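Just so we're on the same page: letters track the sequence lines, and every chain starts at 1. Here the structure is a predicted model, which is why all the values come from computation and not from measurement.
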There are 4 protein chains.
Amino acid sequence: MGASYHTDTFDKIPEEKRERILRAAAEALGREGISGIRMAEIAKSAGISHGSLFSYFPTKDHLVRAIVSRGADMERERFDVPPSGDFKSILETVLDSAWETASDEEGLISLWLSLSLRENARFADDVLPLERDAAQRWSKLVDTARDEGGIDSRLDPRFVAFLLDAVAAQLMKSRASDLERKKFDLVLPDIKDPAAFIARNLAALLRRE
Amino acid sequence: MGASYHTDTFDKIPEEKRERILRAAAEALGREGISGIRMAEIAKSAGISHGSLFSYFPTKDHLVRAIVSRGADMERERFDVPPSGDFKSILETVLDSAWETASDEEGLISLWLSLSLRENARFADDVLPLERDAAQRWSKLVDTARDEGGIDSRLDPRFVAFLLDAVAAQLMKSRASDLERKKFDLVLPDIKDPAAFIARNLAALLRRE
Amino acid sequence: MGASYHTDTFDKIPEEKRERILRAAAEALGREGISGIRMAEIAKSAGISHGSLFSYFPTKDHLVRAIVSRGADMERERFDVPPSGDFKSILETVLDSAWETASDEEGLISLWLSLSLRENARFADDVLPLERDAAQRWSKLVDTARDEGGIDSRLDPRFVAFLLDAVAAQLMKSRASDLERKKFDLVLPDIKDPAAFIARNLAALLRRE
Amino acid sequence: MGASYHTDTFDKIPEEKRERILRAAAEALGREGISGIRMAEIAKSAGISHGSLFSYFPTKDHLVRAIVSRGADMERERFDVPPSGDFKSILETVLDSAWETASDEEGLISLWLSLSLRENARFADDVLPLERDAAQRWSKLVDTARDEGGIDSRLDPRFVAFLLDAVAAQLMKSRASDLERKKFDLVLPDIKDPAAFIARNLAALLRRE
DNA sequence: TATGAATGAGATTTCATTCAT
DNA sequence: AATGAATGAAATCTCATTCAT
């Protein structure tokens with residue numbers, strides 16, 4: 001689904017090599033930023049020649065779109081299996097997963113955050129569908145939890161969805177860079193398992209008394 | 001307080017011109033990003049020669065730091081007067097102010113967001129003090145509200161501070177770019193005054209029953 | 001031996017091209033001086049794009065050092081074979097060789113002279129070893145000639161070495177520029193073979209009676 | 001005598017200020033070189049404004065010529081009084097004076113050396129008359145000394161003049177930069193008074209037996 | 001006349017993209 | 001298909017010279 005940003009040549013090389021290139025490119029993009037990274041550096045860290053990279057992706061913009069789309073696809077897969085259980089445990093699972101992913105792939109988070117900048121507006125189309133899915137997921141989660149009593153039914157479901165989204169975003173953002181990690185520690189110092197801490201408190205807050 | 005990133009020459013030119021340059025630079029930085037912006041473009045949009053721009057700021061890095069520091073100073077001023085009233089009205093004031101500022105200055109928000117990226121780690125020192133202030137402000141607000149009954153005293157104050165910070169960040173972020181505006185509309189469609197809506201619901205949620 | 005001032009890429013291009021570039025750079029440096037030469041001009045006279053020149057030498061400073069070092073290496077080779085014969089013929093050979101080299105490569109002489117200027121102190125390390133060798137060569141030559149009767153043994157050998165060095169330097173310098181050529185003609189007008197003339201007179205002067 | 005390279009304005013300012021500017025300019029030129037020095041830096045070290053410097057000298061080239069001409073004039077004055085006495089003491093006086101001058105004004109020496117470079121050929125006209133005088137002085141000195149027995153009459157006077165010039169040049173050059181000082185110490189280590197040492201040995205060498 | 005801010009041509013350097021091998 | 005050297009447009013930065021005050 002979605003446009004293809006690579007050449008036929010890229011389709012013909014071994015799966016393993018393809019993966020390696022995409023992974024290296026994503027890491028490099030996360031580390032140096034979209035306009036900060038140089039094609040030569042991506043090629044080098046992927047272990048291929050400068051020329052080959054251009055034979056796989058016609059321009060730098062194509063490569064960026066390919067990485068962004070792939071990130072979106074991976075994210076989509078991650079949420080393919082809807083979580084089950086009561087609201088509190090679902091929240092724990094979701095926030096923990098977000099926290100773990102962000103911790104493992106700070107580069108990807110940094111890249112994903114950079115898509116919200118005005119300067120990168122031209123890549124927005126490649127993530128908007130994903131955001132639509134995410135919004136629907138929050139919405140569905142809230143509806144279900146309201147039915148099952150995990151969320152006080154007097155609360156506006158749109159507000160709750162916004163809250164959950166904001167919390168998840170803040171949690172992930174706090175793994176993106178040194179600055180964000182320091183900021184996080186200013187607000188929540190000495191918390192061993194932040195995702196669980198937030199999930200627990202949030203579930204308690206939202207449950208009707 | 002804080003290092004100065006401009007030359008003596010810059011101090012000597014008319015206040016009006018100085019403002020114009022800083023404003024143009026901030027706008028351009030917000031629009032094109034730290035590594036995407038070109039000095040020539042800033043000079044042009046400020047109506048000066050690019051030779052002059054370099055006579056004010058020794059390097060592009062100096063200019064970026066000057067803008068970032070200035071943004072931090074402006075932010076600090078904005079919060080210099082502590083809000084008064086009950087928790088709900090304070091929250092309304094704070095979120096509304098955040099919303100208005102972000103709407104007026106989406107470029108600054110975009111720039112401020114970009115400081116959280118790994119690639120811009122070297123500018124972190126210029127905003128960390130500001131973040132420290134912000135964390136303290138949230139903390140103080142929560143403490144006061146707990147004392148006065150605006151916040152249920154059984155809630156962990158660190159969690160509440162985190163929640164307020166996340167909500168404010170999300171609200172501001174939603175003004176930074178087209179993408180974020182669209183995302184926001186997916187979660188909170190047809191809300192006329194989002195800041196007030198969030199403030200109202202949040203205050204109700206956090207108040208003891 | 002000595003640091004390398006060029007990139008790997010430069011090692012990989014054809015020998016012939018490498019030589020052409022170094023020669024063009026040396027010629028241009030000699031002609032326009034270290035701070036007067038422009039990289040674009042060197043590239044042009046070497047018949048390459050100036051992008052390529054920077055892919056061979058990271059900065060202008062690197063290129064200058066490469067040329068200076070190379071000049072030193074060439075000089076070292078030139079004196080690798082110790083001259084033989086009696087003092088007078090050795091002196092004739094040495095001064096003639098100096099004269100010929102200087103006449104062929106006035107640019108190199110001009111460059112070499114410029115290394116003695118205060119402004120170019122930072123390149124001194126690249127030629128000092130060569131000067132050390134030269135001093136030792138004079139010293140050895142004097143010692144041998146004293147033993148063999150070519151130099152009056154009552155003369156202070158350090159003084160003789162200084163004299164030989166001064167004469168050789170003056171001879172070479174007189175080929176560096178129009179000014180020096182004119183100065184030389186003022187002192188030694190109508191001498192057909194200056195190197196031989198100086199060598200002959202100097203040998204006669206230094207020989208014991 | 002010689003063209004004037006400054007404006008009328010420069011003639012009207014106080015003698016003391018004029019001197020200060022010329023001195024500072026000479027020092028700066030010697031330190032950083034003709035194409036390396038910046039007009040702004042000269043103005044600053046002379047304690048005048050950037051604009052004033054240009055109101056005194058129409059272009060940088062004019063300023064350089066003014067300094068070079070002035071250096072030549074000063075040199076001419078220095079030799080206005082012909083030295084008297086026997087050859088050995090004259091030689092001592094001359095070389096000692098050269099050594100002292102060079103030690104006091106290494107900047108001037110460096111500047112004077114730089115005029116021998118091809119890149120500075122356009123300034124040659126301003127020093128050639130001086131060189132002519134110098135050549136004549138050596139010539140006259142040799143003639144007199146031959147008559148009075150200070151120099152062996154069998155020696156070619158042109159060769160002797162060349163020798164004296166080379167020795168004086170080498171002596172002065174050895175004060176121009178760190179590199180030259182190091183080179184000098186390699187050839188003549190541990191000599192307390194080099195000028196006297198050279199003069200004494202040279203006089204002995206040239207005197208008839 | 002003195003000042004120093006302003007200018008812009010020109011220098012160094014970077015890097016996406018091309019292309020010969 | 002793969003390589004990496006070559007290219008040149010464009011960016012950062014410098015500085016002699018001008019000119020308004």
Side-chain angles (χ1 to χ4, degrees), chain A residues 7-10 12-14 17 35-44 47-63, chain B residues 7-14 17 35-43 47-63, chain C residues 7-14 17 35-43 47-63, chain D residues 7-10 12-13 17 35-44 47-64:
Chain A
T7 60
D8 290 348
T9 308
F10 191 58
K12 291 182 196 145
I13 63 175
K17 188 175 182 181
S35 67
I37 192 65
R38 283 168 300 117
M39 290 297 271
E41 191 176 341
I42 294 177
K44 196 177 172 192
I48 62 174
S49 76
H50 194 173
S52 290
L53 192 55
F54 277 89
S55 80
Y56 301 148
F57 303 94
T59 71
K60 185 178 174 181
D61 250 50
H62 280 85
L63 173 58
Chain B
T7 61
D8 288 351
T9 305
F10 191 61
D11 279 328
K12 291 181 198 144
I13 62 176
K17 187 176 186 179
S35 64
I37 191 59
R38 288 167 298 118
M39 292 296 270
E41 190 177 339
I42 294 176
I48 60 175
S49 72
H50 85 278
S52 291
L53 192 53
F54 278 96
S55 82
Y56 302 147
F57 303 94
T59 68
K60 183 179 166 181
D61 234 62
H62 281 84
L63 174 56
Chain C
T7 61
D8 290 349
T9 305
F10 191 60
D11 279 327
K12 291 182 199 145
I13 63 175
K17 187 175 185 180
S35 63
I37 191 58
R38 288 166 298 117
M39 292 295 271
E41 190 178 340
I42 293 176
I48 60 176
S49 74
H50 83 278
S52 290
L53 193 53
F54 277 94
S55 82
Y56 302 147
F57 303 95
T59 69
K60 184 179 167 178
D61 234 63
H62 281 84
L63 175 56
Chain D
T7 60
D8 291 347
T9 309
F10 190 59
K12 291 182 195 144
I13 63 174
K17 188 175 181 180
S35 69
I37 192 63
R38 282 168 299 118
M39 290 296 271
E41 191 176 339
I42 294 177
K44 196 178 171 191
I48 61 174
S49 77
H50 194 172
S52 290
L53 192 56
F54 277 89
S55 80
Y56 301 147
F57 303 94
T59 70
K60 185 178 172 179
D61 251 49
H62 280 84
L63 173 57
V64 172

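Checked against E/dT3, F/dA5, F/dT17, the side chain of D/Met39 finds its nearest nucleotide in F/dT17. Nearest nucleotide to the B/Arg38 side chain, out of E/dA6, F/dT12, F/dA1: F/dT12. Set against F/dA5, E/dA6, E/dA5, the side chain of B/Lys12 has E/dA5 as its closest nucleotide. Closest to the side chain of D/Thr59, out of F/dT17, E/dT13, F/dC13, is F/dT17. The side chain of C/Thr9 lies closest to F/dA5, out of E/dT14, F/dA5, F/dA1. The side chain of C/Phe54 approaches E/dT14 more closely than any other nucleotide in the set E/dT7, E/dT14, E/dA6.
When atom types are taken as modelled, the side chain of C/Thr7 and the backbone of C/Tyr56 share a donor-acceptor pair closer than 3.5 angstrom.
Neither OP1 nor OP2 of F/dA2 sits under 4.0 Å from any side-chain N or O of A/Ser49. Contact check, D/Ser52 against E/dT3: a side-chain N or O comes under 4.0 Å of OP1 or OP2. Contact annotation: D/Tyr56 reaches the phosphate of E/dA2 (side-chain N/O to OP1 or OP2, under 4.0 Å). OP1 or OP2 of F/dA2 has at least one side-chain nitrogen or oxygen of A/Lys17 nearer than 4.0 Å.
Summarising the base pairing, E/dT18 is matched to F/dA5 through a Watson-Crick or G-U wobble pair whose two defining distances lie under 3.5 Å.
For the pair A/Lys60/A/Ile37, a side-chain contact is recorded, criterion being any heavy-atom separation below 4.5 Å from C-beta on.
Protein atom CD1 of C/Ile37 is 13 Å distant from nucleotide atom C1' of E/dT12, rounded to whole Å.
Judged by distance alone with a 3.5 Å cut-off, no donor-acceptor contact links the side chain of B/His50 to the base of E/dT7.
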